[in-house]
Amino acid sequence: MSQVKVPEGRWSWVEIDRGALRRNLRAYKSLLAPRQKLCCVVKADAYGHGAIECARVLHSAGADMFAVATVHEGVELREAGIQAPILILSEPPITAIPQLIEKNIMPTVYTIEFALAYGECAVRAGTVGKYHLAIETGMNRIGVHYADVLEFCRNINFHRGIQCDGVFTHFATAEDVAGWDYKLQCKRFEEAVRALEDAGFDCGTVHCDNTPATMLDPSTHYDMVRVGIGLYGLYPCDSSRSVVKLDPVMSVRARVTRTAHPAMGEGVSYGYTYRVPRTAVQICTLPIGYADGLSRTLSNRMEVLYRGERVRQVGNICMDQCMVAIQQTPIHQIPEAEYGDVMTIIGRDGDAEISADEMARLRGTINYEVVCDFGMRLDKVYL
Ligand SMILES: *Cc1c(COP(=O)(O)O)cnc(C)c1O
């Protein structure tokens with residue numbers, strides 16, 4: 001626990017286990033046929049894990065493509081020297097097109113205006129702009145409606161400045177691959193792709209699976225799958241737990257910056273939502289707060305790990321700090337903490353563990369949001 005190199009400026013940090021990231025990638029590769037590609041979704045700074053460092057690890061471990069959400073995220077990867085194909089998962093503003101061409105970043109396309117402007121810019125630059133066509137099959141978020149794809153492609157296909165590198169859709173309910181909603185999306189996608197192919201249109205790489213669909217339904221792997229949350233060692237749903245064993249990549253830790261023994265009845269933190277009880281407690285301060293991703297809604301409801309045991313967080317979580325109470329009871333004695341002792345907010349300590357899933361349940365959200373939030377400000381330490 002204490003062997004980790006702690007960042008100098010502040011005693012709280014996110015640990016990223018590169019070995020776990022590599023193992024998770026291999027676990028997904030093992031679900032695919034050799035010709036099927038793995039697109040690693042590293043949007044939102046790799047779900048808070050650090051996109052550049054994660055992309056480096058994933059690329060060396062066999063990632064075929066990277067997917068991001070914004071032009072900025074794609075440019076960041078290119079400027080860090082990532083050479084693999086990069087796909088933006090939605091259609092960027094037309095004003096971003098010169099940057100896409102310059103950095104060789106593929107946009108998702110679903111408007112004729114964008115497609116033609118992209119083609120014009122590519123021709124001027126003496127190149128061909130590759131893109132992926134998004135098909136709307138039921139998520140009702142982005143893409144060309146499944147019934148309109150053939151007409152859409154006929155409208156843009158004449159342009160010699162663009163080339164379709166892939167065709168994809170995105171599932172709304174992939175946690176339930178037995179359900180009608182999922183099956184309907186599959187059917188619409190399959191029919192749209194077939195219509196394009198029958199018309200002689202080269203679809204390039206056909207893909208639709210996110211993490212849950214990749215794990216639960218091999219029949220929709222097509223040419224490539226797009227895996228995000230699973231790479232970071234988190235399960236998208238309980239039914240996926242038995243498919244492959246994943247190792248969580250992120251841990252969150254902090255060192256105690258102050259200890260005190262306020263008298264009985266003293267309040268702790270803003271609003272005094274916690275008061276020191278009759279039994280003596282040691283109040284320990286940790287330099288992590290809601291601006292670091294530790295949601296204020298967890299105040300007085302969460303626990304952290306200290307010496308392999310659970311201790312309660314007390315008082316309102318502040319922007320940059322929070323407090324925990326070490327409380328002795330007649331039946332359970334915990335050694336008091338000292339300045340500099342490490343506490344674990346997410347991760348393992350001895351036999352104990354606090355998972356992103358546990359925190360998500362407490363917050364009333366999903367593990368995706370928990371890890372994204374911890375990416376906000378904390379220093380990252382790559383193991
Ligand atoms: C975010 C995203 C993914 C990855 O989803 P996970 O559930 O994290 O695997 C895949 N495809 C699209 C279009 C996305 O927006």
Side-chain angles (χ1 to χ4, degrees), residues 39-45 47 51 65-75 77 85-97 99-101 105-119 121 129-157 159 162-175 181-196 201 203-214 220 222-229 236 366 368-369 372:
C39 173
C40 294
V41 182
V42 294
K43 64 192 180 192
D45 205 21
Y47 295 38
M65 189 184 287
F66 291 104
V68 296
T70 68
V71 177
H72 182 86
E73 290 173 355
V75 169
L77 292 182
I86 296 174
L87 172 66
I88 301 179
L89 292 167
S90 60
E91 192 182 85
I94 286 179
T95 48
I97 287 175
Q99 249 190 322
L100 300 176
I101 300 281
I105 296 167
M106 291 185 287
T108 288
V109 165
Y110 38 87
T111 68
I112 291 174
E113 294 73 18
F114 183 92
L116 298 184
Y118 186 51
C121 187
K130 292 182 177 181
Y131 68 93
H132 283 226
L133 171 70
I135 304 180
E136 171 60 74
T137 61
M139 175 80 173
N140 286 303
R141 184 170 73 176
I142 61 162
V144 177
H145 189 269
Y146 62 94
D148 302 333
V149 283
L150 197 52
E151 195 197 339
F152 181 84
C153 289
R154 285 196 173 121
N155 277 322
I156 64 171
N157 206 26
H159 208 294
I162 49 175
Q163 183 196 336
C164 184
D165 187 75
V167 166
F168 75 98
T169 195
H170 189 54
F171 293 120
T173 62
E175 303 74 34
D181 295 322
Y182 172 79
K183 287 185 173 164
L184 185 57
Q185 282 199 269
C186 291
K187 180 168 168 287
R188 288 169 173 171
F189 183 59
E190 199 182 310
E191 285 173 5
V193 170
R194 193 176 320 122
L196 291 174
F201 184 79
C203 290
T205 303
V206 176
H207 52 110
C208 56
D209 284 2
N210 54 1
T211 299
T214 301
T220 52
Y222 288 98
D223 303 323
M224 182 168 82
V225 297
R226 305 184 304 269
V227 177
I229 196 74
I366 53 177
Y368 294 67
E369 188 177 9
C372 279

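Treat the numbers as computed from the prediction; the structure is a model and nothing was measured.
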Applying salt bridge (Lys or Arg N to Asp or Glu O under 4.0 Å), name anything that partners Asp181, two or more places apart in sequence or on another chain.
none
To the nearest 0.5 angstrom, please state how far the SG atom of Cys203 sits from the CG atom of Asp223.
9.5 Å
Without swapping roles, check the side chain of Gln185 against the backbone of His170 for a donor-acceptor pair under 3.5 Å.
yes
Please give me the minimum heavy-atom distance between Ile101 and Cys121, naming the atom from each residue.
CG1-SG, 3.8 Å
On a heavy-atom basis, the closest approach of Ser90 and Ala69 is OG-O, 4.0 Å
Which residues share a salt bridge (Lys or Arg N to Asp or Glu O under 4.0 Å) with Glu190, sequence neighbours left out
Arg194
Residue pair Leu89 / Val41, side-chain heavy-atom distance below 4.5 Å:
yes
Verify, without hydrogens or angle tests, whether Thr169 (side chain) and Cys208 (backbone) share a donor-acceptor contact under 3.5 angstrom.
no
Examine distances only and state if a side-chain atom of Asp45 and a backbone atom of Ala51 form a donor-acceptor pair shorter than 3.5 Å.
yes
Using 0.5 Å steps for rounding, measure from the CG atom of Leu196 to the CD1 atom of Ile135.
5.5 Å
Is there a donor-acceptor contact under 3.5 Å linking the side chains of Tyr182 and Thr220?
yes
Taking Lys130's backbone N and O only, do any of them form a donor-acceptor pair with Tyr118's side chain (distance below 3.5 Å, no angle check)?
yes
Can you pull the side chain to side chain donor-acceptor pair (under 3.5 Å) pairs that have at least one residue in residues 138-148, sequence neighbours excluded?
Tyr146-Arg188
Taken to the nearest 0.5 Å, the spacing of Cys186 SG from Asp209 CG works out to 7.5 Å
Please check: side-chain N/O of Thr211 versus main-chain N/O of Gly228, any donor-acceptor pairing under 3.5 Å?
yes
Roughly how far, to the nearest 0.5 Å, is the CZ atom of Phe201 from the CZ atom of Phe152?
9.0 Å
N/O donor to acceptor pairs below 3.5 angstrom from side-chain atoms of residues 105-117, sequence neighbours left out:
| residue | atom | partner | partner atom | Å |
| --- | --- | --- | --- | --- |
| Thr108 | OG1 | Ile88 | O | 2.6 |
| Tyr110 | OH | Glu91 | N | 3.1 |
| Thr111 | OG1 | Glu91 | OE1 | 2.9 |
| Thr111 | OG1 | Glu91 | OE2 | 3.2 |
| Thr111 | OG1 | Phe114 | N | 3.2 |

Below 30° counts as parallel, above 60° as perpendicular, anything between as tilted: where do the rings of His207 and Phe168 land?
parallel
For Lys187, the salt bridge (Lys or Arg N to Asp or Glu O under 4.0 Å) test, sequence neighbours excluded, returns Glu191
Taking only residues two or more places apart in sequence, or in another chain, which ones meet Glu73 in a side chain to side chain donor-acceptor pair (under 3.5 Å)?
none
Any side-chain heavy-atom pair from Phe189 and Val167 closer than 4.5 angstrom?
yes
Nearest non-hydrogen partners of Pro212 and Glu175, listed with the distance
CG-OE2, 3.9 Å
Which atom of Ala192 lies closest to which atom of Val149, heavy atoms considered
CB-CG2, 3.8 Å
Heavy-atom pair with the smallest gap, counting every atom of Met65 and Asp165:
CE-OD2, 4.1 Å
Can you measure from OH (Tyr47) to CD1 (Ile229) and round to the nearest 0.5 angstrom?
6.0 Å
Between Pro92 and Leu100, which heavy-atom pair has the shortest distance, and what is it?
CG-CD1, 4.0 Å
For a 4.5 angstrom cut-off between non-hydrogen side-chain atoms, does Phe66 reach Cys39?
no
